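Structure record follows, encoded as structure tokens.
Everything numeric in this text was worked out from a predicted model, so none of it was measured.
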Amino acid sequence: MPIKHSAALPLNIIRQRARIRVASYAGTATNLYVHDGIYRRGEVLQPKRGDIVVPRDSIIVFADDEPTKNWGHRCRYLFHDPKTGELIQELPALLPPTFDFGERFELFHQASIVSAASRAQYPLLYLPPWLYLENASSWYAILYSGASMNRHVNDIEFLYRILVNLYRVPAANITVLSFDGTLDYNDASWQKVPPPVGNWPGDNTPYQMKINGSGTKEELLAAIAAVGEKMGPQDNLFLHTNNHGNTVNGVSTLISYSGDDTTQSDLADAIKALPKFASFMVMMEQCFSGGFIQPIINASPASCTSVATAVDANTSSDGGPQYDPFALAWITAMAWANPDGSSISPDADTNVDDRVSAGEAFVYAKANDTGPDDNPQYAENAACGGAANFGGVRRPIFIPPLYRYLFPWQILPDPPPEQVEKFAIQLAKQLKSRSFRQVIAESIEDERNSLTKVMRTALSKGKARKPLHR
């Protein structure tokens with residue numbers, strides 16, 4: 001840990017020289033941070049991750065060269081003499097000095113600002129479960145994020161919502177591990193957001209997911225072992241990992257909130273210990289995630305296995321203001337909708353069977369990933385990995401803002417069982433023929449035309465009315 005110094009430190013000189021250094025190599029996107037303490041010679045920064053050794057007593061300027069990406073990504077440490085402010089050494093790195101550097105390092109030069117995303121446009125409404133005769137999903141899910149930022153928490157919330165609300169995965173079957181075991185996260189400047197964290201930006205409603213534990217290697221491996229005790233041969237498992245990754249001596253790792261990071265072999269060993277089960281679907285967003293693909297494929301005891309990642313084993317993944325681009329595109333494919341409720345076009349269901357498979361979701365995500373440096377990767381076992389899916393979709397209805405409070409089925413009591421059965425059979429036929437979507441669209445269009453006519457009449461009368469003069 002750096003030692004606070006009682007004497008005046010040449011921080012203004014250091015800031016000026018750091019700006020000049022950035023300008024010298026045209027670092028137009030670089031953000032600069034400084035700590036007003038002296039790091040002692042031999043101190044190790046990010047031990048077991050980066051292992052950056054302080055060359056001599058120094059004041060450190062941390063230069064983040066790619067602020068819009070997930071970690072690890074290109075950054076540098078500028079070591080300055082604590083007496084003169086002179087730049088004495090510069091070291092390239094992939095990780096910041098600490099994952100709470102917003103609390104220790106002061107931002108003094110901000111070239112990149114993460115802009116805010118727009119709020120909800122349409123509420124997204126799913127038909128109630130009693131309309132369907134199918135049994136609840138046989139899927140289990142583990143959603144993981146270690147040193148979480150807002151976008152990582154938002155990705156996981158989007159996933160949680162579609163699993164529970166769209167695919168009827170019981171909430172008890174979903175394990176969410178994030179940050180310190182709460183909904184907290186760091187903002188774009190790495191300042192911890194004070195609780196409460198507010199609403200999910202998708203539809204501006206409170207977060208629905210329950211955090212079951214912290215984003216650490218210990219809890220991730222324990223969650224995999226725990227789900228293995230519950231699954232039978234016909235069950236399925238979905239694993240999503242988010243936030244940040246690293247590469248150490250060519251080995252990809254998944255960063256923890258605290259403690260050791262998860263390596264490829266750590267995860268493979270945990271997966272190998274699972275009993276035989278039906279389908280294993282994996283989607284990874286973190287940097288260098290491609291290094292996990294083959295170890296997972298080799299270790300999986302599932303009959304059908306697929307792994308989709310945002311990048312290969314040598315690349316940093318892109319981030320966004322509210323979501324990670326690859327994760328957002330993949331989840332959107334599975335949701336049949338954007339977070340704000342607007343419909344995606346074209347549908348990810350390329351074979352038109354009312355199901356989005358792992359393979360289809362990847363193809364859609366790769367085509368719609370807006371991250372300029374992402375290079376999505378995918379692999380499946382030869383049997384059926386790409387065909388795995390969460391089940392038949394419960395198509396959402398997209399309600400324009402004027403109708404957002406007209407949800408009568410949320411108010412009326414459930415009908416008797418015989419009526420549910422009769423109605424469900426009729427509805428299944430309509431959904432299969434896709435006529436149900438057309439009926440809803442025509443109904444909304446009729447109402448829109450009626451309201452337009454009323455508004456035009458009112459406006460024409462307003463124009464004809466003479467203004468009052470006093």
Are any non-hydrogen side-chain atoms of Thr315 and Phe288 less than 4.5 angstrom apart?
no
Heavy atoms, side chains only, cut-off 4.5 Å: are Leu183 and Ser178 in contact?
no
Checking the side chain of Asp269 only, and the main-chain atoms of Asp266 only, is there a donor and an acceptor separated by less than 3.5 Å?
no
Quick one, Leu45 and Ile60 - any side-chain contact, counting heavy atoms below 4.5 Å?
yes
In terms of ring plane angle, is the pair His35 and Tyr39 parallel, tilted or perpendicular, where the classes change at 30° and 60°?
perpendicular
Interatomic distance, CG@Asp369 vs CG@Asn375, rounded to 0.5 Å, equals 9.0 Å
Assess the residue pair Trp330 and Tyr364 against the criterion (ring-ring contact (aromatic ring centres under 6.0 Å, His included)); give the C-alpha distance rounded to whole Å, side-chain angles, the decisive distance to 0.1 Å, and a yes or no.
CA-CA 7 Å; Trp330 193 95; Tyr364 181 89; over 10 Å; no
Note, Glu285 side chain near Arg151 side chain (heavy atom, < 4.5 Å):
no
So that I can tick it off, tell me whether Lys192 and Asp100 are bridged by a salt bridge, with the cut-off set at under 4.0 angstrom between side-chain N and carboxylate O.
no
Take Tyr323 and Thr370 through the side-chain contact (heavy atoms from CB on, under 4.5 Å) test and state the conclusion after the steps.
CA-CA 11 Å; Tyr323 307 93; Thr370 59; over 6 Å; no
Interatomic spacing from CD in Gln322 to CG in Leu328 - rounded to 0.5 Å:
10.5 Å
Less than 4.5 Å apart, any side-chain heavy atom of Ile174 and any of Val169?
yes
Which heavy atom in Ile271 sits nearest to a heavy atom in Pro301, and how many Å separate them?
O-CD, 3.5 Å
Got a salt bridge between Lys217 and Asp261, using NZ or NE/NH1/NH2 to carboxylate O under 4.0 Å?
no
Just do the side-chain contact (heavy atoms from CB on, under 4.5 Å) check on Ile156 and His240 with the steps written out, would you?
CA-CA 8 Å; Ile156 291 177; His240 170 62; 4.1 Å; yes
Name the orientation class of the two ring planes belonging to Tyr33 and Phe101 (parallel below 30°, tilted from 30 to 60°, perpendicular beyond 60°).
perpendicular
Could you check whether any side-chain N or O of Ser256 sits under 3.5 Å from a backbone N or O of Gly259, counting only pairs where one atom can act as donor and the other as acceptor?
no
Judged by modelled atom types alone, do Ser138 and Asn236 share a side-chain donor-acceptor pair under 3.5 Å?
yes
Donor-acceptor pair, distance only, cut-off 3.5 Å: does the side chain of Asp318 make one with the backbone of Asp374?
yes
Would you kindly say whether Asn12 and Gln16 are connected by a side-chain donor-acceptor distance under 3.5 Å?
no
On a heavy-atom basis, the closest approach of Ala93 and Ile52 is CB-CD1, 4.2 Å
Ile331 side, atom CD1; Asn338 side, atom CG - distance, nearest 0.5 Å
11.5 Å
Apply salt bridge (charged side-chain N to carboxylate O under 4.0 Å, His left out) to Arg355 and Asp349, showing your working.
CA-CA 6 Å; Arg355 299 170 189 268; Asp349 179 22; over 6 Å; no
Does Ser58 use its side chain to pair, donor to acceptor, with the backbone of Arg56 at less than 3.5 Å?
yes
Do Tyr167 and Phe238 touch side chain to side chain, with heavy atoms closer than 4.5 Å?
no
Any donor-acceptor pair under 3.5 Å linking the side chain of Gln46 with the backbone of Asp51?
no
Is it true that Tyr378 and Phe362 have ring centroids separated by less than 6.0 Å?
yes
Heavy-atom side-chain contact between Val227 and Thr175 under 4.5 Å:
no
Would a distance-only check, ignoring hydrogens and angles, find a side-chain to backbone donor-acceptor pair under 3.5 Å from Asn199 to Asn204?
yes
4.5 Å side-chain heavy-atom contact, Phe79 and Glu90
no
So NE2 of His244 and OH of Tyr257: to nearest 0.5 Å the spacing works out to 13.0 Å
Can a donor-acceptor pair be found, under 3.5 Å and without considering hydrogens, that links the side chain of Thr84 to the backbone of Asp81?
no
Give a yes or no on whether the backbone of Ile59 and the side-chain of His80 come within a donor-acceptor separation of less than 3.5 Å.
no
Can a donor-acceptor pair be found between the side chains of His73 and Asp64 at a distance below 3.5 Å?
yes
Just how far is it from atom CZ of Phe280 to atom CG of Asp235, taken to the nearest 0.5 Å?
14.0 Å
Quick one: which of Arg40, Lys83, Arg41 gives a side-chain hydrogen bond (donor to acceptor under 3.5 Å, both in side chains) with Asp57?
Arg40
